[in-house]
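A short write-up of the structure that comes next.
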Amino acid sequence: MDTLDFRSDTVTWPTPAMREAMATATVGDDVYGEDPTVNELEVFAAELLGKEAGLFVSSGTQGNLIAALTHAQRGDEAILGEDAHIFCWEAGGLAVLGGITPRPLPTDPQGRMDLDQIRSAVRGDNPHWPRSRLILTENSSGGNHGAAIEPDYFAGIRQIAEEHGLRSHLDGARLFNATTALQIDPKTIAQHVDSVSICLSKGLCAPAGSVLVGDRDFIHQARRTRKLLGGGMRQAGILAAAGLIALQEMTQRLAADHTNAQRLAQGLAQIPGILINPEQVQTNMVFFSLADTVPILPQDLMAKLYDTYGIRLGSYGGQKFRAVTHYWIQPHHVEALLSALREILN
Ligand SMILES: *Cc1c(COP(=O)(O)O)cnc(C)c1O
């Protein structure tokens, strides 16, 4: 990449191996189920997560939307965290396109809802009320510093879902960051939910695409929902070829991004005027703030970083910033950001 871009892991370019695989991918019409590369990706993703079947979709948002519209009907209600990506950052698709009422609950600093609050949020059968139908979870939790949530939370969710006949879906856009940080097999989390969507882009560097996994019947229905939403693609093997590399190779190297995030957090903590709690950094996201005593305005800091050093950071309103590490960020790039901030704030 030609800039040092810490704004997000969504900015990642495909790797040279991906471009090569895309150029030579075997393709067919995937709406006919005839693209061998898409089929291989769907099987690979399903096996990786211990599910029966997979469905290649255009984005994480589409994967979550297809899952919700397949699990729930108009007039149903979905329980989810108030800072969940699905609730905050997906244009209200549950309500807009699904007629599904979101029921947001508070979350703790790890992004977990309280299990007792979930239990009390489940509604009885009353014609005044929407029908409780779905529990939506997220791991890692993007709204909570990329926190990695342990499997026992999902076991608790599963128990509630079983008690009340609800379905459950995991927004696993960065699930492999979470399981890398926890050093666990993704199946140990996926086993507790009916469906999971994972992003092939972001830290895994594919140019586009997500995979939704679940049991065979669910994925059969989800294929119809994908078509309904205009998400049926034709020679999508070009994209799936990069997705296969994402799942086969790129999941193996996420620990390096987490080490870089740790190094960045430790370095930031040494810079006067920067407020950060390095212990919050569990995966590839580093949130920090400028102290009120720092004379430079946040937007001026951003401008100076870019104009003078060619470095981009994410701005989170007020004095708050986010830096995300990924494949295209090397240890010396972390050093470059730290020394730029030292110079600017000196
Ligand atoms: C990025 C992201 C999504 C959506 O992915 P897009 O591909 O950008 O639509 C969903 N959930 C979480 C937690 C994400 O970080």
Side-chain angles (χ1 to χ4, degrees), residues 5-14 41 45 49 55-69 78 80-94 96-98 102 104 107 110-113 134-149 153-154 168-181 186 189-190 193 195-213 225-226 229-231 233 236 239-240 242-243 246-247 250-251 254 257 261 282-287 314 316 322-326:
D5 201 338
F6 289 87
R7 286 175 301 169
S8 176
D9 48 12
T10 58
V11 302
T12 47
W13 290 359
L41 173 68
L49 294 161
L55 183 69
F56 183 51
V57 299
S58 64
S59 68
T61 300
Q62 192 180 61
N64 289 332
L65 185 60
I66 290 173
L69 268 60
L80 78 182
E82 65 187 4
D83 47 17
H85 195 279
I86 298 177
F87 185 55
C88 302
W89 299 98
E90 298 184 12
L94 288 183
V96 175
L97 295 169
T107 56
Q110 286 284 103
R112 294 173 297 209
M113 295 175 275
L134 182 59
I135 306 177
L136 298 168
T137 50
E138 181 176 318
N139 203 12
S140 65
S141 176
N144 294 277
H145 314 101
I149 304 175
Y153 172 68
F154 297 92
S168 64
H169 170 74
L170 168 62
D171 174 357
R174 295 190 185 84
L175 179 61
F176 301 108
N177 290 95
T179 55
T180 298
I189 289 176
V193 291
S195 60
V196 185
S197 62
I198 49 165
C199 281
L200 305 168
S201 55
K202 304 210 166 157
L204 303 185
C205 287
S210 285
V211 187
L212 175 64
V213 300
T225 314
R226 184 183 70 174
L229 295 173
M233 296 185 281
L239 290 171
L247 294 184
M250 301 302 282
T251 51
L254 291 173
D257 296 342
Q282 295 169 26
T283 56
N284 64 336
M285 292 185 189
V286 181
F287 284 82
Y316 265 65
R322 184 179 81 166
V324 183
T325 55
H326 51 74

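Just so you know, ligand 1 is whichever comes first in the structure, and atom 1 is the first atom listed for that ligand. Keep in mind that what you see is a predicted model, and the values were worked out from it rather than measured.
Contact annotation: for Ser59 versus ligand 1, heavy atoms closer than 4.0 Å belong to both the backbone and the side chain. Looking at Asn64 against ligand 1, only its side chain comes within 4.0 Å, counting heavy atoms.
Nearest protein heavy-atom contact of atom 7 (O) of ligand 1 is Gly60 N, 2.9 Å. Nearest protein neighbour of atom 11 (N) of ligand 1, counting heavy atoms only, is Asp171 OD2, 2.6 Å. Looking from atom 9 (O) of ligand 1 to the surrounding protein, the closest heavy atom is Thr61 OG1, 2.6 Å.
For the 3.5 Å distance criterion, the side chains of Asn284 and His326 fail to qualify, holding no donor opposite an acceptor. Between the side chains of Glu90 and His85, at least one donor N or O sits under 3.5 Å from an acceptor N or O. There is a side-chain donor-acceptor pair under 3.5 Å between Asp83 and Thr107.
Checked by atom type and distance alone, the side chain of Ser210 never pairs as donor or acceptor with a backbone atom of Phe56 at under 3.5 Å.
Close N/O approach between Glu138 and ligand 1 is not found [any backbone or side-chain N/O within under 3.5 Å]. In terms of polar-atom proximity, Lys202 is counted as a contact of ligand 1, with an N or O under 3.5 Å from an N or O of the ligand.
Residues Leu204 and Leu247 form a side-chain contact, since some pair of their non-hydrogen atoms from C-beta on lies under 4.5 Å apart.
In this structure, Glu90 is part of the shell of residues with a heavy atom less than 4.0 angstrom from ligand 1.
For the salt bridge (charged side-chain N to carboxylate O under 4.0 Å, His left out) with Asp9, the lone residue among Arg174, Arg322, Lys202 that qualifies is Arg174.
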